[in-house]
Amino acid sequence: MLQLGMKSPGIFFAGLFVFVFLFPSCKKENKSNDELILGSLIFALTRTPYEEVTPPPGTFTLEPNKTFTRSYSPTCSGVPENEIFKFYIKRGTTKNLLINFMGGGACWDPKNCFGSKTATYFNRANIFNPLAARLAFHGILEERVFENPFKDWNVVFIPYCTGDLHWGSKIIAYVDPTNNQTTDFKHKGFDNVLSVLNFIKNSEEYRPNSDSKVSVTGQSAGAYGAIFNFPYIRETLRQVSDSNIMVLGDAGNGVVPTNFQQNAVIDKWGADSNLPNWITFPSFSTMSFGVFYNTVATEYPNSRIAQYSTDYDGNQRYFYDVQLKIAIQSPYTSAQNYSDSENLWGKSDGTQVPDSSVTCSWRTQSRTKLKTEVTQPNYRYYIASGDVHTISTSVNFFSESSAGQSLVDWYNQMLVGGAGWVNRDCLNLGNCNPPKSAYSYPNTISCP
C-alpha cells in the first residue's frame, strides 16, 4: 500500500540540513549571497509542475459513441481529513496523455475503513497537494529523467481516497469501531473518475489529438482502477486510434477469497452498476480478475493490455490475508478489542503473512491470473523478482531488469507495439528470489 507522506517532508528538511552544514561559517558580508543560495535551494525543493483541480458536480455522457449518461458528485470518503476530492495535472510538451490512478489499499468493513492508522487504505486526502505529488511520485511521472518514456507527456494524476479501487458509487452506513457511532462512508471512486474524464473531454490542453498516444496505468488499488475504467477512457477519447491507447496494471493481480466480489465489491461499493454496459462480462459476483482482463482485451483487440507484478508481492499477500481474516470474522469479535487497523492486521509488507497457507496460495493464484486466464494476443505480463509492491512511480522503475529485459525497454516496446514487447518472467531465469518472512526466517519462503 502506498504510504503517502511518510518520506516526502524528509526530502525538504534534508535539503535544508545539507545547506546548513555546507555553509557553517559564512561571514556577515556574504549574508545576501547565502540568503540567495538558501532561497534557490528552497525553491528547487518546493517547485512543482503540478496544478490542482477541484472538480464540481456534473453529468458525464459518452453519446454518440456509447449510450451512457451519469450524474456525479466528486468526493472522498467523508471521514475527517478525507473529504475533498482533487486531482492533479502536469503539462508536457506533446499532446500524448498519461492517465495515472493512485494506489492506497482498499476497505470494505468497519475494521479497515476507520481509525487513526488505517493500514488498508489512504484516508488523509485533505493534506495532498501539488508539492506532495512532486515529492512522493517518481518513475513514469518524473519528467526530469531522460530515460523516462513519458517525460514529455501531459499527465492527469487521479488521487485515491474512497477505499473502493476507483470503482464505487455507493454510500454505506458503517459503525465506526473507534466510537461506536454509525457513520456514512462514501465509496464514490467511480464518480471521481467521471469528473476527471469530463475535464479531459472538455480541455483544449489535455484532450489528445487524433495522432496522440494515451497510456492508462495505476499502482496497487490504482491498477484496478486503470483496467476497470479503461473502457470509459477508451470511449471518451474516440479520436485516438485503438493502437495508440493502452493500459497497464502495476501490482493489482486480483487474488481474492470466495464471495469477496459479492460481499465487498457489489454490496459495499456498488461497482456492478458501473460496469460498461456495452461489454458482456461473465457473472461479476464470481468472475476471476484474470477473466475481467481477458474480457476487456477481447473488446479492444487493437489496444495493448498489460500487467506487472513481483513474484512474491508482499502487500498483495498482506491484503489477501486481511480478506481471509475478515471473511471468517477473525481475529476480532467486537468493537472493544479494536485499537487501529494497523495493529489489527499486522505489517502491510507481507512479512507476517503465513507462508504455506496464504503466501504460496496467493503466488499460485497470482500466476494463474497473470499467465493463464488472459489469452488474448494483445496482452502481455512482466513478473519481476522479489516482493516489492509497485514500481512504476518508484525510482526503481529505471533499474528493474530481473525478468530478462529492462523494464524501461519493455515499456518502450509496449508504447510502439514493438517486437520486443513479449511476456517476461523471472522464473524462466531462475531469478525470482523469494523473500524472508516472520515464518521462514532465517530461510526464505519456499513455494512449489
Side-chain angles (χ1 to χ4, degrees), residues 1-2 4 52-62 68-88 99-110 112-115 118 120-128 156-176 182-201 216 218-233 236 252 260-277 284:
M1 182 184 70
L2 173 68
L4 180 63
E52 184 175 281
V53 179
T54 303
T59 300
F60 177 80
T61 180
L62 286 176
F68 178 85
T69 299
R70 181 79 64 85
S71 296
Y72 57 81
S73 295
T75 183
C76 289
S77 66
V79 301
E81 298 187 69
N82 199 55
E83 298 145 334
I84 303 168
F85 174 73
K86 302 164 288 187
F87 66 93
Y88 297 85
I99 300 175
N100 192 93
F101 288 81
M102 174 180 155
C107 79
W108 58 94
D109 183 275
N112 66 6
C113 282
F114 295 95
T118 51
T120 54
Y121 96 106
F122 178 66
N123 70 341
R124 297 186 65 198
N126 288 14
I127 69 170
F128 203 85
V156 173
F157 181 86
I158 306 176
Y160 175 56
C161 56
T162 52
D164 57 11
L165 308 180
H166 303 272
W167 293 7
S169 58
K170 200 168 185 178
I171 300 176
I172 292 293
Y174 292 116
V175 177
D176 183 343
T182 299
T183 302
D184 283 343
F185 193 100
K186 300 172 183 177
H187 291 297
K188 289 278 191 173
F190 185 68
D191 283 40
N192 296 342
V193 173
L194 294 182
S195 74
V196 175
L197 291 184
N198 219 28
F199 167 84
I200 295 173
K201 185 171 68 169
V216 182
Q219 303 74 39
S220 191
Y224 299 97
I227 188 63
F228 185 91
N229 291 290
F230 179 74
Y232 292 97
I233 297 170
T236 299
F260 180 79
Q261 286 101 313
Q262 182 64 55
N263 296 338
V265 177
I266 296 175
D267 293 347
K268 302 296 173 48
W269 302 342
D272 54 321
S273 65
N274 301 328
L275 289 169
N277 58 23
F284 190 55

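Everything numeric here is computed off the predicted structure, so don't read it as measured data.
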Working to the nearest 0.5 angstrom, can you tell me the gap between [X] [atom1] and [Y] [atom2]?
X: W167; Y: I266; atom1: CH2; atom2: CD1; answer: 10.0 Å
X: D184; Y: I171; atom1: CG; atom2: CD1; answer: 6.0 Å
X: H187; Y: K170; atom1: NE2; atom2: NZ; answer: 9.5 Å
X: C161; Y: K186; atom1: SG; atom2: NZ; answer: 10.5 Å
X: L62; Y: R70; atom1: CG; atom2: CZ; answer: 10.5 Å

Are [X] and [Y] an aromatic pair by the rule of ring centers under 6.0 Å?
X: F60; Y: Y232; value: no
X: W269; Y: F190; value: no
X: Y160; Y: H166; value: yes

Report yes if some heavy atom in the side chain of [X] is under 4.5 Å from a heavy atom in the side chain of [Y]; otherwise report no.
X: S195; Y: K188; answer: no
X: F101; Y: V216; answer: yes
X: M102; Y: F157; answer: yes
X: D164; Y: W108; answer: no
X: C107; Y: F185; answer: yes
X: F284; Y: L275; answer: yes

### Residue among F87, Y88, F85 satisfying ring-ring contact (aromatic ring centres under 6.0 Å, His included) with F128
Y88
### side chain to side chain contact (heavy atoms under 4.5 Å, CB included) assessment of N126 paired with E83
CA-CA 7 Å; N126 288 14; E83 298 145 334; 3.0 Å; yes
### Task
Could you tell me whether the side chain of N82 and the main chain of V79 form a donor-acceptor pair under 3.5 Å?
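Not at all, since once roles are kept as given, no pair shorter than 3.5 Å links the two residues.
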### Query
Do the side chain of K201 and the main chain of T61 share a donor and acceptor less than 3.5 angstrom apart?
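Yes; judged by distance alone, with no hydrogens or angles, the pair exists.
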### Query
Only one of N198, T59, N192, D191 forms a side chain to side chain donor-acceptor pair (under 3.5 Å) with Y72, so which one is it?
N198
If you compare all heavy atoms of [X] against all heavy atoms of [Y], which two are closest, and at what distance to 0.1 Å?
X: G103; Y: S220; result: CA-CB, 4.3 Å
X: A106; Y: L165; result: CB-CD2, 3.8 Å
X: P55; Y: P74; result: O-CG, 3.6 Å

### Query
Do you see a donor-acceptor pair shorter than 3.5 Å between the side chains of N274 and S169?
yes
### Query
Are Q262 and D267 close enough, and set up right, to give a side chain to side chain contact (heavy atoms under 4.5 Å, CB included), and what steps lead you there?
CA-CA 6 Å; Q262 182 64 55; D267 293 347; 2.9 Å; yes
### Task
Go through the steps to decide whether I200 and T236 satisfy the test side chain to side chain contact (heavy atoms under 4.5 Å, CB included), and finish with yes or no.
CA-CA 9 Å; I200 295 173; T236 299; 5.6 Å; no
### Task
Would you sort out whether Q219 and N100 count as a side chain to side chain donor-acceptor pair (under 3.5 Å), showing the intermediate values?
CA-CA 8 Å; Q219 303 74 39; N100 192 93; 2.8 Å; yes
